[in-house]
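Computed from a predicted model, the values in this text were never measured in an experiment.
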Number of protein chains: 2
Amino acid sequence: MIKDKGRSILTESGLKITPQRIAIMEALLTIKDHSTAEFIKEYVTKNNPNLATGTIYNILEAFCQKGIIKKVKTEKDIMRYDVETKSHNHLYCDECDYIKNYFDEELDRLLKDYFSKKNLSNFSIKEINLQIVGNYSPHKNN
Amino acid sequence: MIKDKGRSILTESGLKITPQRIAIMEALLTIKDHSTAEFIKEYVTKNNPNLATGTIYNILEAFCQKGIIKKVKTEKDIMRYDVETKSHNHLYCDECDYIKNYFDEELDRLLKDYFSKKNLSNFSIKEINLQIVGNYSPHKNN
DNA sequence: TCCTAAATAAGAACTATTCTTATATAAGAA
DNA sequence: TTCTTATATAAGAATAGTTCTTATTTAGGA
Ligand SMILES: [Mn+2]
Ligand SMILES: [Mn+2]
Ligand SMILES: [Zn+2]
Ligand SMILES: [Zn+2]
């Protein structure tokens, strides 16, 4: 059950287990996609009508700190949150706000090898984000 | 002279030549780095104290439309503007807000070849942004 | 059960950016 | 050159996603 999965992720993280955190964890795991705080709020307030907006941001920030989720920048000024933990990059559609996951180990290896070979002076790489911007034909909301 | 260069870029673009646009063009070419609207405002209001904030955003947007400059996303919610037209990627320092240009034709070719080989279904690539996040030792402001 | 550091609710505050509207002006036409 | 008008600008209000403040609640250890 998805609620149990969320709860165990919380336990492993060492965060206090609260109804609000369980609800948001459940929302993230159910929605899967790159949710906005606003969308998560709509989802969780069905069952938790008093869950405050600030609490949602606090909790999402706490999850990020623990590495449970990651922030994803968008073209607009809206933060999105990614619950996918496997290494991947993103296809950004420039006609709508849809962001599709792009998994490819070959690409990951290619970049990793490239930069270990290059050895940038005075810069230690922690993360490489590849944004593939273009047009994704079968939109989500068609 | 840098003002003449700015003026000729404006002429080529087909935009009306106004003192405000010349001033911002000059600021962009002088500052070079990935300026914020705020920083550009500080720069231009030395000589043009009445230049309105909204005008700066309007003009920067117009320059983007014409392809004179490009928007660069940052970790914070502040837009930055890039006057560098040669193809390049960015090194993001996660300790400060410094963004360094990274030019490498080999990398560009590598990615171009990779994606033309892959041929993503239902997605036409317009642009690939590689964000290299890490720690850049000799900070600008040390 | 009790205690307390941590979490939450509610809503005000913040801030980069956008919008509105009256005024000014660049640049083509006459 | 002067006239014309579509376009650009100044000033400041409005917006919106996010953060902050503070009183209250609560999870989880003692
Ligand atoms: Mn993702
Ligand atoms: Mn750049
Ligand atoms: Zn789309
Ligand atoms: Zn730095």
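Taken from CD in B/Q65 to OG in B/S13, the straight-line distance is 12.0 Å, to the nearest 0.5 Å. Distance CD1/B/I99 to CD1/B/I132: 12.0 Å, rounded to 0.5 Å. Atom CG of B/L15 is separated from atom NZ of B/K66 by 5.5 Å, given to the nearest 0.5 angstrom. Expressed to the nearest 0.5 Å, how far CD1 of A/I31 lies from CD1 of A/I40 amounts to 5.5 Å.
For B/L60 and C/dA16, the CG to P distance is 15 Å, given to the nearest whole Å. To the nearest angstrom, C1' of C/dT17 lies 15 Å from CD1 of B/I59. The distance between atom NZ of A/K66 and atom C1' of C/dA7, rounded to the nearest whole Å, is 14 Å. Between the C1' atom of D/dA16 and the CD1 atom of A/I78 lies a distance of 9 Å, rounded to the nearest Å. The distance between atom CZ of B/F39 and atom P of C/dA16, rounded to the nearest whole Å, is 15 Å. Summarising the geometry, the separation between NZ on B/K73 and P on C/dA16 is reported as 14 Å, rounded to the nearest angstrom. Here the P atom of nucleotide D/dA10 and the CD1 atom of B/I56 are 9 Å apart, to the nearest Å. Going from atom NZ of A/K41 over to atom P of D/dT18 covers 13 Å, rounded to whole Å.
For A/E105 and A/K112, the salt-bridge test fails: no basic side-chain N is under 4.0 Å from an acidic carboxylate O. Taking the charged nitrogens against the carboxylate oxygens, A/E26 and A/R7 have no contact shorter than 4.0 Å, which rules out a salt bridge.
Overall bending of the helix from C/dT1-D/dA30 to C/dA30-D/dT1, expressed as the angle between end axes built from five pairs apiece, is 30° (10° steps).
Contacts between residues 15-28 of chain A and DNA chain C, counted as heavy-atom distances below 4.0 Å, involve A/K16, A/T18, A/Q20, A/R21. Residues from residues 45-52 of chain A that place a heavy atom under 4.0 Å from any atom of DNA chain C, listed by number: A/N50, A/L51, A/A52.
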Identify each donor-acceptor pair in which a side-chain atom of residues 44-59 of chain A lies under 3.5 Å from a protein atom, sequence neighbours left out, and give them as a table.
unit_1	atom_1	unit_2	atom_2	d
A/T45	OG1	A/K41	O	2.6
A/T45	OG1	A/E42	O	3.4
A/T53	OG1	A/K41	NZ	3.3

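For B/R80 (side chain) and B/T74 (main-chain N/O), no donor-acceptor pair under 3.5 Å exists by modelled atom type.
Checked against B/I69 for a side chain to side chain contact (heavy atoms under 4.5 Å, CB included), the options B/I24, B/L60, B/I9, B/D82 give a single hit: B/L60. Test A/Y98, A/Y92, A/Y102 against A/Y136 for ring pair (Phe, Tyr, Trp, His ring centres under 6.0 Å) and you get one pass: A/Y98.
OP1 or OP2 of D/dT18 lies within a sub-4.0 Å distance of a side-chain N or O belonging to A/Y57.
A pairwise comparison of heavy atoms in B/G6 and B/M25 identifies CA-CG, 3.3 Å as the closest pair.
In this structure B/H90 satisfies the ring-ring contact (aromatic ring centres under 6.0 Å, His included) test together with B/H34, B/H88, sequence neighbours excluded.
With a 6.0 Å radius and a threshold of 12 heavy atoms from other residues, nucleotides or ligands, A/K5 has its NZ atom at or below the threshold.
A cation-pi geometry, defined here as NZ or CZ lying under 6.0 Å from the six-membered ring centre and within 45° of its normal, holds between B/K86 and B/F103.
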Short N/O separations, protein against nucleotides 20-22 of chain D, under 3.5 angstrom:
none

